[in-house]
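Okay, so here's the structure we're looking at.
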Amino acid sequence: MKYLVTDSRDIRYNLALETVLMEQADLSEPILYFYINSPCIILGRNQNAYDEVNLAYVKDHDIIVTRRTSGGGAVFDDLGNVSFSFITKDDGASNGNFAKFTTPVLTALHKMGATGAELVGRNDLQIDGKKFSGNAMRLEHGRMFSHGTLMYDVDLDVIGQALTVPKDKIAAKGIKSVHARVTNLKPYFTPAYQHLTIEEFRDTLAKEILGVTDLADATEYVLDEATKQAVADLNAKVFSNWDWVYGKSPAAAIQHRQHFAQGTIDFRLQVTGGKITALKTYGDFFGQQDVAEFEQRLQGVRYDHEAVTAALADMDLSAYFGKIPAAAVVELLLRQE
């Protein structure tokens, strides 16, 4: 396995680099990629920025907001967090298998003293019932990445102010606030690992996962000039692009939102003359196909069970909504409230 560390602290550049590596790099060996970000919020691919982010707060505090290409929920990063990404070929059995990629991370954390750290639910790493890492995946054309955050010494007070979590998601998890759900790893480590700089924490983690005592003994992935230019171009086109981050959402006359065990779906739609004339889908579900295809299929379709079911009959909804049952997706879309 090769490894790569970027000096950039800009989440937009770092996500662009990850995407270019997944799409273009030689993956004869997997790449373990680490990055550290200045204060930022990273939205999941299908989330609504206006529902998830306290926009006034992030503007006043110079917090970057961007959107990743993978699913899942919004996360806050700052210079007390390390993000990791395993970039590799898709072996056909890794989609949704977060344990495969988080196990080496957890093993390293256990060695540092956080012996209670574990994978909980579909994609969270927790300790003492509190989350310190969210994970997500993207698969495309036989290639993939699985990435996650690791809160070592993040400013927890900022999270509850920067992220606006919808009430139904909070209620579904049986807690009262964002702050109560998250924690840093630092207090759980043995004393030898409680005074590391964030770079020292990153490098300690890398050495444990790569099985070396000195990173000089590991194989570094070196970026060539063509790759650097591709990253700069993608950053400008996508991750720093206002339309990609905030989009243009229709004013929804109808909203149906539900939190399932496998993720949240939030439908916003306009119905004119009994037909769907606008549909936007948000959420933190883990589908691999762009939900725009699902939305387009329903344009102009009569807003009733028979017509919607017929329009979607040949679509594999798991490709768009992951493990949320297809029947539940249709039921939510057509819910009468």
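To the nearest 0.5 Å, the span separating CG on L185 from CG on L150 amounts to 6.5 Å. The OH atom of Y35 sits 13.0 Å away from atom OH of Y13, with the distance rounded to the nearest 0.5 Å. Separating the CD atom in E18 from the CD atom in E23 is a distance of 10.5 Å, to the nearest 0.5 Å.
Taking the six-membered ring for Trp and thresholds of 30 and 60 degrees, W244 and F239 have ring planes more than 60 degrees apart, a perpendicular arrangement. Using the six-membered ring where Trp is involved, F145 and H147 have ring planes that are tilted, between 30° and 60° apart.
Among I64, I41, I36, the one residue that satisfies the side chain to side chain contact (heavy atoms under 4.5 Å, CB included) test with I11 is I64.
Panel note: side chain S70, backbone R138; no donor-acceptor pair is recorded below 3.5 Å. One N or O on the side chain of E295 and one on the backbone of T281 form a donor-acceptor pair closer than 3.5 Å. Looking at R45, its side chain never comes within 3.5 Å of a backbone N or O of G71 through a donor-acceptor pair. Remark: the backbone N or O of G44 is paired with a side-chain donor or acceptor of R67 at under 3.5 angstrom. Within the 3.5 Å criterion, the main-chain N or O of A117 finds a donor-acceptor partner in the side chain of H110.
Between L210 and L215, some side-chain heavy-atom pair lies under the 4.5 Å cut-off. Between L333 and L298 the shortest side-chain heavy-atom distance falls below 4.5 Å.
A salt bridge is defined here as a Lys NZ or Arg NE, NH1 or NH2 lying under 4.0 Å from an Asp or Glu carboxylate O, and K228 with E225 meets this definition. Between E199 and R9, at least one side-chain N (NZ, or NE/NH1/NH2) sits under 4.0 Å from a carboxylate O, which counts as a salt bridge. Salt bridge R302/D304: present, at least one basic N to carboxylate O contact under 4.0 Å.
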Run the numbers on S133 and N135 for side chain to side chain donor-acceptor pair (under 3.5 Å), then give the verdict. CA-CA 7 Å; S133 171; N135 293 266; 3.2 Å; yes
Candidate pair L4 and L17, rule side chain to side chain contact (heavy atoms under 4.5 Å, CB included), full reasoning: CA-CA 11 Å; L4 174 65; L17 174 54; 4.0 Å; yes
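Side-chain atoms of D10 and S8 include no donor-acceptor pair closer than 3.5 Å. Using modelled atom types, one finds no donor on one side chain facing an acceptor on the other under 3.5 Å when comparing N97 with S94. Looking at N14 and N37, their side chains do bring a donor and an acceptor atom within 3.5 Å of each other. Q47 and D284 share no donor-acceptor pair across their side chains, judged by distance under 3.5 Å alone.
Between F321 and F260, the gap from one ring centroid to the other reaches at least 6.0 Å.
Contact detail for L43 and A49: the closest heavy-atom pair is CD1-CB, 3.5 Å.
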